[in-house]
2 protein chains.
Amino acid sequence: MVTAVTNTEPRRRNRRGEGGKLRDEIIAAAVALLDEGGDERAVTLRSVARKAGIAAPSIYPHFADQPSIMLAVVQQEMDALTAALKEAGDNAPQGARARLFAVCNAYLDFARVHPQRYRIMFGGLWTPSTEDTSITDADLDALGVEAFTLLVEVLGACVEEGIAHGSDDLYGDAVALWLGLHGLAHQRAVVRKMPGPADVGDRLIRALAHLK
Amino acid sequence: MVTAVTNTEPRRRNRRGEGGKLRDEIIAAAVALLDEGGDERAVTLRSVARKAGIAAPSIYPHFADQPSIMLAVVQQEMDALTAALKEAGDNAPQGARARLFAVCNAYLDFARVHPQRYRIMFGGLWTPSTEDTSITDADLDALGVEAFTLLVEVLGACVEEGIAHGSDDLYGDAVALWLGLHGLAHQRAVVRKMPGPADVGDRLIRALAHLK
DNA sequence: GGACATAAGCTAACGCCCGTAAGTTCACGA
DNA sequence: TCGTGAACTTACGGGCGTTAGCTTATGTCC
């Protein structure tokens, strides 16, 4: 499905003071390109502009360069992921175990529903190096911290409640758990058809959280 | 380090009947580009040709198109990975546990030593879709089967030897173990600096193999 | 209500690299 | 000598990121 780019109606110009709106539209256009199934190579400065219905140079007042668009997308989607995890945790049935599964499954679901977004969030291709771009290392380090903290929290609750064999290193355990989730999420996002049993996610969670 | 491409001596032309040599040289050039730290975008048909010291069109007698080069690289590296795992398994001390750790660590080491190669092997970007390329689904499905089989084997040996709590689904357990390894290997290959404890690999293996 | 400052976005163009097609040269080996 | 395999040169068309300068709508102020 190639959802024609036929933007007749040359796109209503934003009102004064609302120029910032375009920034969000640009990010949305980039996300849309990803969701159409193209990989990150499909997200060029020009293709984003076409999708947003604007001329390519009109992006520059909002983003310093092409990688900056990607960074903005990743930041936005990281926030979305964090929100999804939070919501799943809040809406879960009582009990640390249920919360853990809810949060972990919400993570896996995010990756399944938005494979291409997940790919650029954790696939790390969009910024080959900090040189030549306006992106700083601090930008990159800050990504995903909040979501991970949530995972540490729910895992810790399991240990406290005595339903998981906690080690002396909760943080390390959470990293291991996340790596397992990431392995599955990433592989699903990348491959056409994932082999293996349907409940492999639950297996990973049980094993890596050391549930009793 | 940009290892100059100054190929004076216009490259000795291959003797008759040795045209096939160039094929390997092209693959080697592509791998070299990856190892220089550039991501897969650095591996274009032209850049490969430059690296190999030949003219770009000279590639066509050997590869139908650019993705075919990538496929050849992936196939070659998958074989290399399989060989490395085999060797690690053979050279391991006696006992299923030692073999399991040897094989798993060999996997992780491969990814650490050759992060960019690992990325294209399992990152799945180099073939946006089977359309428009000469690559078939069968090509893709066949990748990595042999290496995975080896993992199933060593894990099965652990269960048989009674040092791991086996479930009724050995294959599924091996998938879960591999996903954990992959999560770590991939993240290390992608990120500048991997957070978390140094022994996170061993933790993953112990937990996912259900070692007693 | 009309002039005008300015924000918002456009057009045109530059230089680069890419994949690929067509036709050509070179040197080995029979 | 000469056929032919190996690799080359040249060229086309297209997409890219980015720069410079222009147009137009919008809201304000007299």
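Note that the structure is predicted; figures quoted are calculated from it, not measured. So you know, we letter chains A, B, ... as the sequences are listed, proteins then strands, and number each from 1.
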Going 5' to 3' through nucleotides 16-24 of chain C, assign each nucleotide B (protein heavy atom under 4.0 Å from a base atom), S (under 4.0 Å only from sugar-phosphate atoms) or - (no protein heavy atom that close).
--BBBB---
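For Phe101(B), the ring pair (Phe, Tyr, Trp, His ring centres under 6.0 Å) criterion is met by no residue, not counting sequence neighbours. Every residue two or more places apart in sequence or in another chain was checked for a salt bridge (Lys or Arg N to Asp or Glu O under 4.0 Å) with Asp202(A), and none qualifies. When the salt bridge (Lys or Arg N to Asp or Glu O under 4.0 Å) test is applied to Arg112(A), the partners found at least two apart in sequence or on another chain are Asp109(A). Remark: Arg117(B) pairs with Asp35(B), Glu77(B) by the salt bridge (Lys or Arg N to Asp or Glu O under 4.0 Å) rule, at least two apart or across chains.
Residue Arg23(A) contributes atom CZ, which lies 18 Å from atom C1' of dA7(C) at whole-angstrom precision. In this structure, the CZ atom of Phe63(A) is 16 Å from the C1' atom of dA8(C), given to the nearest Å. Atom CD in Glu25(A) sits about 13 Å away from atom P in dA8(C), given to the nearest Å. Rounded to whole Å, atom C1' of dA7(C) lies 15 Å from atom CD1 of Ile54(A). For the pair Ile59(B) CD1 and dA7(D) P, the computed distance is 12 Å after rounding to whole Å.
The aromatic rings of Tyr107(A) and Trp178(A) lie perpendicular to each other, with more than 60° between the two planes, well past the 30° mark.
Residues in residues 183-210 of chain B take part in these ring-ring contact (aromatic ring centres under 6.0 Å, His included) pairs, two or more places apart or across chains: His182(A)-His186(B), His186(A)-His186(B), His182(B)-His186(B).
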